[in-house]
Trainee: 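Have a look at this one.
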Amino acid sequence: MQTSQILQTRADRADRAGRTDGGNARTAQTVRKGGPMADQRPAVLRDGTRPAPAGIAGPGARPPTTDPGELAATARRIRRHAVEMVAIAGMGYLGQATTSAEVFAVLYRAVLRHGVDRLVLSPGHYVITHYAAAVEAGLLDERALATYGVDGSWLESISTERTPLVSATCGALGQGLSVGAGLALADALADAERRTFVFGSDGEMEEGQTWEAAMFAAHHRLGRLTALFDCNGSQVDGPVATVTTIEPVADKWRSFGWTVHEVDGHDVGAVLAALHPPPGDGRPSVVLARTRMLHGLGSLGDGRDAHFVTLGPGDVERALEDTEPVGPR
Amino acid sequence: MQTSQILQTRADRADRAGRTDGGNARTAQTVRKGGPMADQRPAVLRDGTRPAPAGIAGPGARPPTTDPGELAATARRIRRHAVEMVAIAGMGYLGQATTSAEVFAVLYRAVLRHGVDRLVLSPGHYVITHYAAAVEAGLLDERALATYGVDGSWLESISTERTPLVSATCGALGQGLSVGAGLALADALADAERRTFVFGSDGEMEEGQTWEAAMFAAHHRLGRLTALFDCNGSQVDGPVATVTTIEPVADKWRSFGWTVHEVDGHDVGAVLAALHPPPGDGRPSVVLARTRMLHGLGSLGDGRDAHFVTLGPGDVERALEDTEPVGPR
Amino acid sequence: MTARDGAAPPAHGVSALHPVAAADLLPFPWATTTKPYGTALVELARARPDVIALGADLTRQTETDLVRDELPRQFVNVGMAEQNLMGVASGLARAGRCVFVHTFGVFATRRPFEQVAMQIAYPRLDVKIVGFMPGLSSPGGPSHQAVDDVALMRALPNMTVVDVADATEVRQAVALLAEREGPCYLRLKRGEVPVLFGAAHRLAVPAAQWLFEGGEVTVLASGMLVATAVRAAQVLSDAGLPVSVLNVPTLEPIDRDAVLAAARRSAAVVTAENHAVAGGLGTAVAEVLAEAGAGTPLRRVGIRDGYAQASSAPWLFRRHGLDVNAVVAAAWSAAGRRGDPPTAADVPVETGRYAPV
Amino acid sequence: MTARDGAAPPAHGVSALHPVAAADLLPFPWATTTKPYGTALVELARARPDVIALGADLTRQTETDLVRDELPRQFVNVGMAEQNLMGVASGLARAGRCVFVHTFGVFATRRPFEQVAMQIAYPRLDVKIVGFMPGLSSPGGPSHQAVDDVALMRALPNMTVVDVADATEVRQAVALLAEREGPCYLRLKRGEVPVLFGAAHRLAVPAAQWLFEGGEVTVLASGMLVATAVRAAQVLSDAGLPVSVLNVPTLEPIDRDAVLAAARRSAAVVTAENHAVAGGLGTAVAEVLAEAGAGTPLRRVGIRDGYAQASSAPWLFRRHGLDVNAVVAAAWSAAGRRGDPPTAADVPVETGRYAPV
Ligand SMILES: Cc1ncc(C[n+]2csc(CCOP(=O)(O)OP(=O)(O)O)c2C)c(N)n1
Ligand SMILES: Cc1ncc(C[n+]2csc(CCOP(=O)(O)OP(=O)(O)O)c2C)c(N)n1
Ligand SMILES: [Mg+2]
Ligand SMILES: [Mg+2]
């Protein structure tokens with residue numbers, strides 16, 4: 001049997017077994033048959049993602065675009081979706097959607113070959129941007145966004161193993177780059193030309209595991225691995241610089257053997273250029289996207305808790321005005 | 001009550017309670033009173049070290065020296081002690097003693113103010129060098145070395161909470177720098193002028209925690225913290241470079257905000273110069289001691305497992321010749 | 001009917017609760033309060049300059065903004081690096097400080113387990129690890145839900161493990177643990193904390209405390225499920241099944257005598273905890289019963305379904321069987337009662353009041 | 001006298017062992033072998049190109065030098081970075097590989113606990129974690145002694161936890177676990193491994209297996225203490241106390257039926273494991289007994305003394321009560337026998353032979 005055949009067989013087997021179910025296969029005495037987990041058995045596709053369950057799947061992948069205007073408009077719509085999602089509870093991870101909108105627009109509409117390339121969403125609380133971008137990419141039904149954060153919904157506010165349309169998801173921060181390195185290693189060993197992207201947050205650079213993974217990926221010359229970090233300068237307790245000095249970030253990545261692209265994370269052209277196929281020297285590459293909290297939602301002003309935004313009276317209306325569609329979709 | 005008084009009181013209380021006992025204070029039903037751990041209650045001194053138990057204490061601290069000849073002779077004697085210790089079982093951490101002999105000679109005879117400054121021995125298997133250097137410093141009875149690695153001995157082959165004359169000891173690698181940072185932070189908060197040294201191995205740079213600690217120490221401007229890494233290029237599976245690319249090590253530490261001294265780790269003068277009090281800019285400093293496995297034991301040759309040396313017939317004799325005392329002590 | 005007056009006529013005229021006066025249990029529905037922990041810690045830190053609080057980028061969430069703002073020299077934010085956090089705590093403790101470490105329970109125990117084991121528990125240092133958002137009280141999904149933290153900390157020799165029931169106990173726990181030599185793990189509800197106990201209540205460590213006595217079945221509860229057990233006892237007593245309730249704040253070392261007394265006095269024992277059934281209170285009780293050869297059957301109420309979802313705590317508590325009805329049903333079947341167990345009436349409470357789901 | 005012939009006259013003429021033929025237990029003193037695991041893994045990897053072995057700078061120590069040298073494309077050394085190790089394993093498994101991860105048990109479980117929980121156990125991936133040097137078999141002191149690895153891995157839903165008794169079981173475990181979907185933790189003795197079982201022996205997961213039946217007391221043993229239990233049973237039977245022995249290779253899920261059968265058939269049960277008494281076999285058995293309301297008393301032989309020292313395994317096994325005499329004494333007192341328990345004769349064995357201390 002060929003390796004590829006075997007991998008295939010095992011992937012099929014995994015599909016059937018619903019292996020990525022988060023349920024519990026403990027001893028008989030501790031399993032409640034048909035218990036709360038019975039509905040948590042999404043199959044896994046061959047690229048490692050979980051498809052959107054029936055009822056919330058989108059119309060189908062839209063053709064990719066590299067048009068800067070369209071990508072910028074997509075980012076604007078991502079913000080708008082995010083405002084509407086956060087409006088449901090009146091608070092949530094709106095800041096993250098505003099800082100990462102352009103990066104996700106470029107990734108989901110221009111770079112990622114959905115169903116082929118791999119994406120690891122390391123900071124699970126950024127999944128809000130993923131949902132919005134997946135709608136924009138045609139993979140998720142827009143109406144599903146109304147269930148964001150609602151009890152029992154598929155669209156949980158921090159990603160889990162049930163989250164549609166991503167492979168590994170991590171709410172315990174700092175774990176994603178390692179998983180991405182493992183995925184990229186599998187592809188490298190199989191001579192697959194697929195790329196692996198890992199989206200990360202700047203706070204994750206405080207977790208030592210990020211640097212373990214960085215060292216590993218460089219040593220094993222995982223040139224088809226690309227990390228994107230949202231350097232929004234924010235973490236739970238406030239500005240990153242007040243909590244831990246992570247700068248000079250670019251120097252750190254270079255000293256760990258990576259090719260570094262430092263870009264304005266709100267400039268879709270710059271992000272797109274940085275995500276071009278990595279040079280052939282075998283170095284993994286990292287895109288440090290410098291971003292500004294609540295960018296694109298100017299009327300919300302500064303000075304609020306950026307990590308977990310609470311919307312006051314009138315905030316939703318003002319934010320929706322800020323993100324009014326500007327042209328034909 | 002003043003802070004210093006309170007710290008004093010608590011330290012006394014800790015002494016009485018033998019707080020660093022490795023024994024088990026579990027529930028009544030799981031404790032065997034007077035069980036195997038009853039003898040494991042070394043007191044803790046105020047500088048955080050455990051004194052040598054009666055019977056193996058040395059004659060008393062010898063006056064420090066910065067004489068290069070004397071320091072080099074000390075390193076030579078450290079190697080000789082190590083050969084004798086490893087000869088007991090015919091195998092052991094001889095390589096580590098050969099690479100770190102000069103660093104320990106300088107630390108124990110010229111730099112560390114015993115009973116004042118703090119030392120964390122991060123890679124526990126290097127404790128062989130500590131034992132030898134402690135004898136040279138007059139703190140441990142030379143005869144105790146004959147019990148190295150013997151069942152039940154105080155001189156265990158990997159350090160534990162029972163190990164005499166060090167504070168924190170760590171056999172699970174990569175943990176020492178954090179503890180050192182905590183000790184240094186305590187001193188900084190108390191405006192104590194004492195220094196903290198952390199001895200580490202190059203393999204420990206593969207553990208992410210080392211980089212977490214590095215970032216923390218730099219952010220908190222722990223300028224009186226000094227790390228010394230034995231860059232012997234060796235780990236269990238062979239040359240470090242074949243396992244993980246940790247280079248460029250100096251760039252890494254600089255990008256993490258540290259002052260870097262890269263020296264020939266067998267040059268006592270260079271090591272001593274690098275360990276001079278750190279500059280006043282608040283940066284912690286790291287000494288990268290470039291060393292060569294089995295340095296000083298030329299007759300043992302190359303090509304053997306450097307991490308855990310097995311001595312063959314005649315090896316002990318040859319190694320003792322290599323380390324024959326050269327002058328008056 | 002309330003536990004305090006204890007006099008309301010039982011629904012079926014069969015039995016009433018026997019509240020233990022010394023427990024000073026307040027009448028339901030209970031009031032809530034915020035930041036009982038932070039307030040108590042500031043008080044302690046003011047009196048004891050050797051106390052130092054460490055955070056890991058969750059300062060307000062762990063109520064330590066109070067220390068940071070009032071006693072800045074006794075607060076250090078280590079950032080989001082939990083392994084280093086525990087190492088730094090160890091260093092500070094070796095230097096004579098009494099260190100309180102704060103983060104969510106899940107990040108206090110899983111990420112830095114080896115560091116807690118080697119640098120805190122093994123050397124028996126004065127480090128108090130305070131983990132917020134126990135069990136399914138976190139809406140953040142499996143990555144944020146500390147459903148195994150008690151199991152992990154109980155696996156460590158020298159570690160005292162405490163899961164308190166209310167704000168009164170939270171406040172007392174701070175002082176008690178500061179006085180207790182050596183490492184402790186304290187599990188705390190985040191946000192609004194109910195006030196179950198009045199001023200006369202005295203938390204002890206590691207002693208368990210009877211809240212109701214004389215029942216046919218004993219419910220042993222810890223942490224957030226103490227309030228649940230109290231409500232369940234009321235429902236059961238109203239339905240003719242008298243129930244004792246034992247509040248077990250200390251999971252390690254467990255109060256072995258109290259557990260054996262519960263087994264001796266009851267036809268069955270039920271444990272109730274906001275934690276996986278494996279490794280927590282239920283297991284601690286099982287160990288005591290089995291070693292004693294007690295034939296009293298045990299039912300364990302706790303999380304049995306592996307990994308949960310990101311949803312609200314009430315939704316999760318119902319879905320995973322941590323609600324009043326789950327405790328009621330377990331006690332009912334443990335007592336060998338036939339027929340459907342009684343169900344608790346849904347008690348709507350105003351904001352600022354607490355009713356267990 | 002040997003288990004196999006089972007016919008030697010009992011010392012006190014009172015009782016003999018009742019060996020279970022299907023177990024195919026070989027006569028004492030047992031032979032040893034080296035690298036049974038590595039050999040089996042190479043065999044598996046040759047037949048299954050999807051199998052990949054990961055190491056963490058302990059390649060020879062985990063017998064994976066065999067894979068590295070013979071099938072280099074199926075071996076990756078991740079270096080000394082155990083958190084990343086588990087993440088990489090997870091990524092490979094998500095990409096369809098069957099991943100075997102190798103390091104010492106202590107570093108496979110403590111350092112990367114959160115990574116194992118979140119990236120392997122929770123998504124139920126095909127990752128087999130193989131931890132060497134269980135319990136006090138490591139001379140490296142508390143930092144190297146995996147005395148809580150079973151407790152940690154048992155705390156994780158979806159994780160199968162296996163601790164085998166001999167080289168025959170090691171070999172069979174490799175194939176069995178590769179076939180078993182989902183995450184497993186396999187605990188392996190390092191270095192010389194005894195051969196207790198003959199060719200007819202069949203390891204099953206999660207079934208336990210009787211080695212001797214018909215005793216007054218049952219000793220349930222796992223891993224390295226199976227050999228110890230067999231020897232203890234011989235000593236006890238010679239002294240007039242007939243003993244059953246149940247080999248329990250799978251700690252999670254535990255073979256509940258076998259445990260209950262042991263409780264039903266015996267006046268007392270004794271567990272024996274090279275692990276802390278809390279969280280391992282003894283606790284798993286306690287949970288089953290307590291939930292069943294079985295009144296059979298339980299004695300747990302295991303590590304009760306917290307953190308040990310860096311010394312040789314025989315020295316540590318004696319000092320911490322993991323030796324034949326400790327099991328004998330526990331069974332003797334559990335059975336209510338008065339007077340001093342019998343003691344095992346010190347059996348000197350040649351090199352290449354194994355006798356439990
Ligand atoms: C291992 C871990 N520790 C702590 C947390 C709690 N936490 C969630 S987000 C966050 C801030 C991390 O910084 P970043 O992701 O850059 O924050 P953002 O930009 O979203 O404000 C923290 C500490 C976590 N999720 N995981
Ligand atoms: C956390 C941890 N992982 C693995 C080990 C096993 N181990 C002991 S020494 C060592 C090699 C580490 O490199 P280094 O200390 O530089 O080795 P040396 O120079 O002594 O050969 C390893 C992997 C350990 N002690 N701790
Ligand atoms: Mg950020
Ligand atoms: Mg080295």
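Chain letters run A, B, ... following the sequence lines, proteins first, then strands; residues in each count from 1.
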Trainee: With rounding to the nearest 0.5 Å, note down the distance linking CG in B:L119 to CZ in B:R195.
Mentor: 12.0 Å
Trainee: Quick one: CZ on A:R118 to CG on A:L112, what's the gap to the nearest 0.5 Å?
Mentor: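 It is 12.0 Å, given to the nearest 0.5 Å.
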Trainee: To the nearest 0.5 angstrom, please state how far the OG1 atom of A:T291 sits from the NE2 atom of A:H266.
Mentor: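 It comes to 4.5 Å.
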Trainee: Of all the residues in residues 243-254 of chain B, which have a heavy atom that comes within less than 4.5 Å of a heavy atom in chain A?
Mentor: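 Interface residues of residues 243-254 of chain B: B:V243, B:T244, B:T245, B:I246, B:E247, B:P248, B:D251, B:K252.
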Trainee: If we count only N and O atoms by modelled type, under 3.5 Å, do the side chains of A:E206 and A:Q235 hold a donor and an acceptor together?
Mentor: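 There is such a pair (donor and acceptor under 3.5 Å, judged by atom type) between the side chains of A:E206 and A:Q235.
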Trainee: For residues 215-234 of chain B, give me every residue with a non-hydrogen atom less than 4.5 Å from any non-hydrogen atom of chain A.
Mentor: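 When heavy atoms of chain A are the reference, residues 215-234 of chain B contributes B:M215, B:H219 within the under-4.5 Å range.
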Trainee: Taking the side chain as everything from C-beta on, heavy atoms only, tell me whether A:E204 gets closer than 4.5 Å to A:Q209.
Mentor: no
Trainee: Centres of the B:F199 and B:F104 rings: under 6.0 Å?
Mentor: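 Distance test on ring centres: under 6.0 Å, yes.
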Trainee: Between B:E212 and A:W211, is there a side-chain heavy-atom distance shorter than 4.5 Å?
Mentor: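 Sidechains of B:E212 and A:W211: no contact.
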Trainee: Measure B:A214 against the heavy atoms of chain A and call it side chain, backbone, both or neither at under 4.5 Å.
Mentor: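 Neither part; nothing is under 4.5 Å.
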Trainee: Could you go step by step and tell me if A:R304 and A:V309 meet the side-chain contact (heavy atoms from CB on, under 4.5 Å) rule?
Mentor: CA-CA 7 Å; A:R304 57 181 86 213; A:V309 168; 4.0 Å; yes
Trainee: Can you tell if the side chain of A:L288 reaches within under 4.5 Å of the side chain of A:V263, non-hydrogen atoms only?
Mentor: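 Of all side-chain heavy-atom pairs linking A:V263 with A:L288, none is under 4.5 Å.
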Trainee: Given a strict heavy-atom distance threshold of 4.5 Å, which part of B:T242 is in contact with chain A: side chain, backbone, both, or neither?
Mentor: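 Contact with chain A: backbone only.
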Trainee: Report the option among A:A213, A:S255, A:G257, A:G208 that has the most heavy-atom pairs separated by less than 4.5 Å from atoms of chain B.
Mentor: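 Going by pairs under 4.5 Å, I would pick A:S255.
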Trainee: For B:D117, is there an ion pair with B:R194 - N to carboxylate O distance below 4.0 angstrom?
Mentor: no
Trainee: Are A:H125 and A:F308 packed together at the side-chain level, in the sense that at least one heavy-atom pair is separated by less than 4.5 angstrom?
Mentor: no
